[in-house]
Amino acid sequence: MSELTGKVALVTGGGRGIGRAAALELARRGAHVAVAARNKAELDAAVAEIEQRGGTALAVPADLASTEAARALVQEVQSTLGPIAVLVNNAAAVGPFGLTWELDADAWERSLWINLVAPFRLAYAVLPQMVALGWGRIINISSGAARNPLERAGPYSVSKAGLDMLTRQLGLELESSGVAAICVYPGVVDTVMQTAIREQPVEVVGERVAERFQEFYASGQLQQAETPGRLIAALADAEGARFNGQIVDIYGDDAKQLLS
């Protein structure tokens with residue numbers, strides 16, 4: 001039996017793409033899943049699919065760029081489903097695009113908030129209870145851009161690098177607690193975010209990024225969201241305990257073993 005049976009999982013960005021795939025797999029493993037995002041219709045569709053498969057799910061519309069969003073989101077999920085045992089920080093903003101000194105400063109800051117500050121605030125809200133209960137998972141969805149910055153996508157690269165370090169910091173502090181913080185590099189996935197980058201004008205994202213993302217698509221390198229979704233759920237389960245404080249790359253040996 002999965003260790004997730006009966007436990008509550010919260011997945012941000014859970015209405016589509018990787019988040020939705022992870023939510024479905026977590027529910028398949030027996031978790032009660034809350035999905036959060038801005039698009040209520042997408043959330044409702046994800047919940048309906050989970051319920052059709054016999055699972056328990058909750059849709060919570062939320063804009064994580066809001067200061068109070070994380071606290072209110074956690075409060076609603078816990079009052080409806082119970083203590084959150086698994087937090088998947090998947091919601092992200094890829095823009096704005098452009099040279100750092102030419103970007104709108106408020107838009108740059110909003111991206112940092114969604115990609116880094118919101119995951120921190122959510123972790124901050126759920127960790128005391130996880131530690132008290134002696135079991136929990138914080139799974140942060142990062143990107144290879146954290147190590148190799150994308151030209152003209154500075155806010156995304158900077159915030160993902162911060163998310164990697166947040167994971168490592170939490171991992172250090174959570175040793176021997178029964179709670180694990182893990183970072184996932186999901187690889188190149190056929191998502192709305194990929195499409196958004198691919199459709200940007202060359203003068204906005206630069207030639208190198210435009211060519212790279214067009215090549216991902218044209219060469220068939222894009223994988224379906226179900227693959228990282230299964231990896232996230234595996235790490236949320238018993239197998240994840242040994243990866244505390246680590247970055248798990250979907251192209252690495254650890255991920256391949258978990259997915260085999």
Side-chain angles (χ1 to χ4, degrees), residues 2-4 7-13 18-19 22 26 31 36 64 67 69-71 73-74 77-78 83-93 109 111-149 154-187 228 231-259:
S2 167
E3 282 196 12
L4 293 173
K7 289 185 168 65
V8 176
L10 168 60
V11 182
T12 66
I18 295 171
L26 287 164
L64 292 175
T67 303
R71 181 195 58 79
L73 173 57
V74 169
V77 173
Q78 294 193 147
I84 295 170
V86 176
L87 168 63
V88 179
N89 282 313
N90 170 71
E109 184 176 342
S111 182
L112 192 72
W113 186 282
I114 294 170
N115 296 347
L116 179 56
V117 179
F120 157 73
R121 284 188 170 270
L122 288 167
Y124 183 85
V126 302
L127 274 169
Q129 196 163 48
M130 287 183 180
V131 172
L133 293 173
W135 200 100
R137 300 285 185 270
I138 305 289
I139 302 179
N140 296 319
I141 311 307
S142 188
S143 165
R147 292 175 173 169
N148 300 296
Y156 185 75
S157 299
V158 169
S159 58
K160 290 301 186 181
L163 191 62
D164 285 7
M165 184 54 74
L166 174 63
T167 305
R168 293 173 61 194
Q169 180 69 33
L170 290 176
L172 181 65
E173 297 170 354
L174 290 168
E175 285 181 1
S176 304
S177 69
V179 182
I182 308 162
C183 207
V184 171
Y185 284 9
L231 176 60
I232 291 163
L235 290 167
D237 214 324
E239 300 95 324
R242 61 190 173 97
F243 294 101
N244 178 43
Q246 297 182 37
I247 295 169
V248 180
D249 191 320
I250 201 163
Y251 301 121
D253 291 339
D254 288 330
K256 290 174 182 176
Q257 290 177 7
L258 289 167
L259 291 169

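Note that this is a predicted model, so its numbers are computed, not measured.
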query: Between E175 and N244, is a side chain to side chain contact (heavy atoms under 4.5 Å, CB included) present by the stated rule, with each step listed?
result: CA-CA 8 Å; E175 285 181 1; N244 178 43; 4.2 Å; yes
task: Take L127 and E173, measure what side chain to side chain contact (heavy atoms under 4.5 Å, CB included) needs, and give me the verdict at the end.
output: CA-CA 11 Å; L127 274 169; E173 297 170 354; over 6 Å; no
- prompt: After noting the C-alpha distance and the side-chain angles of N115 and L163, does the key distance pass the side chain to side chain contact (heavy atoms under 4.5 Å, CB included) rule?
  reply: CA-CA 8 Å; N115 296 347; L163 191 62; over 6 Å; no
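In this structure, E239 places its CD atom where more than 12 heavy-atom neighbours from other residues, nucleotides or ligands lie under 6.0 Å away.
Taking CZ of R137 as the start and CD1 of I182 as the end, the distance is 6.0 Å to the nearest 0.5 Å. Distance CG/L259 to CG/L231: 5.0 Å, rounded to 0.5 Å. For the atom pair CD1 (I250) and CD1 (I18), the distance works out to 8.0 Å, reported to the nearest 0.5 Å. Here L170 contributes atom CG and F120 contributes atom CZ; the two are 9.0 Å apart, rounded to the nearest 0.5 Å. Rounded to the nearest 0.5 Å, atoms NZ (K7) and CH2 (W135) are 5.0 Å apart. The CE atom of M165 sits 11.5 Å away from the CG atom of L116 when rounded to the nearest 0.5 Å.
Between S142 and D164, the shortest heavy-atom distance links the atoms OG-OD1, 2.6 Å. Taking both residues in full, the closest heavy atoms of G245 and R168 are given as O-CG, 3.7 Å, listed atom of the first, atom of the second, then distance. Scanning both residues, L122 and L10, for their nearest heavy atoms gives CD2-CD2, 4.4 Å. Closest of all the heavy-atom pairs between L174 and A180 is CD1-C, 4.5 Å. Of all the heavy atoms in A93 and S111, the pair that sits closest is O-OG, 3.5 Å. In terms of heavy-atom proximity, G13 sits nearest to A91 at N-CB, 3.6 Å.
By the 4.5 Å heavy-atom criterion applied to side chains, L112 and P155 are not counted as neighbours. By the 4.5 Å heavy-atom criterion applied to side chains, L73 and L64 are counted as neighbours. In this structure, the side chains of L87 and V74 stay at 4.5 Å or more apart for every pair of heavy atoms. For the pair W113/R121, a side-chain contact is recorded, criterion being any heavy-atom separation below 4.5 Å from C-beta on. In this structure the side chain of I84 never reaches within 4.5 angstrom of the side chain of Q129, judged on heavy atoms. Within the 4.5 Å cutoff, side-chain heavy atoms of P83 are placed close to those of L133. Taking 4.5 Å as the limit, some side-chain heavy atom of V88 sits within range of a side-chain heavy atom of L26.
The main-chain N or O of V11 is never found under 3.5 Å from a side-chain atom of N90 such that the two would form a donor-acceptor pair. Not a single donor-acceptor pair under 3.5 Å links the side chain of S177 to the backbone N or O of V131. Within the 3.5 Å criterion, the main-chain N or O of I141 finds a donor-acceptor partner in the side chain of K160. In this structure, N140 contributes its side chain and C183 its backbone to no donor-acceptor pair below 3.5 Å.
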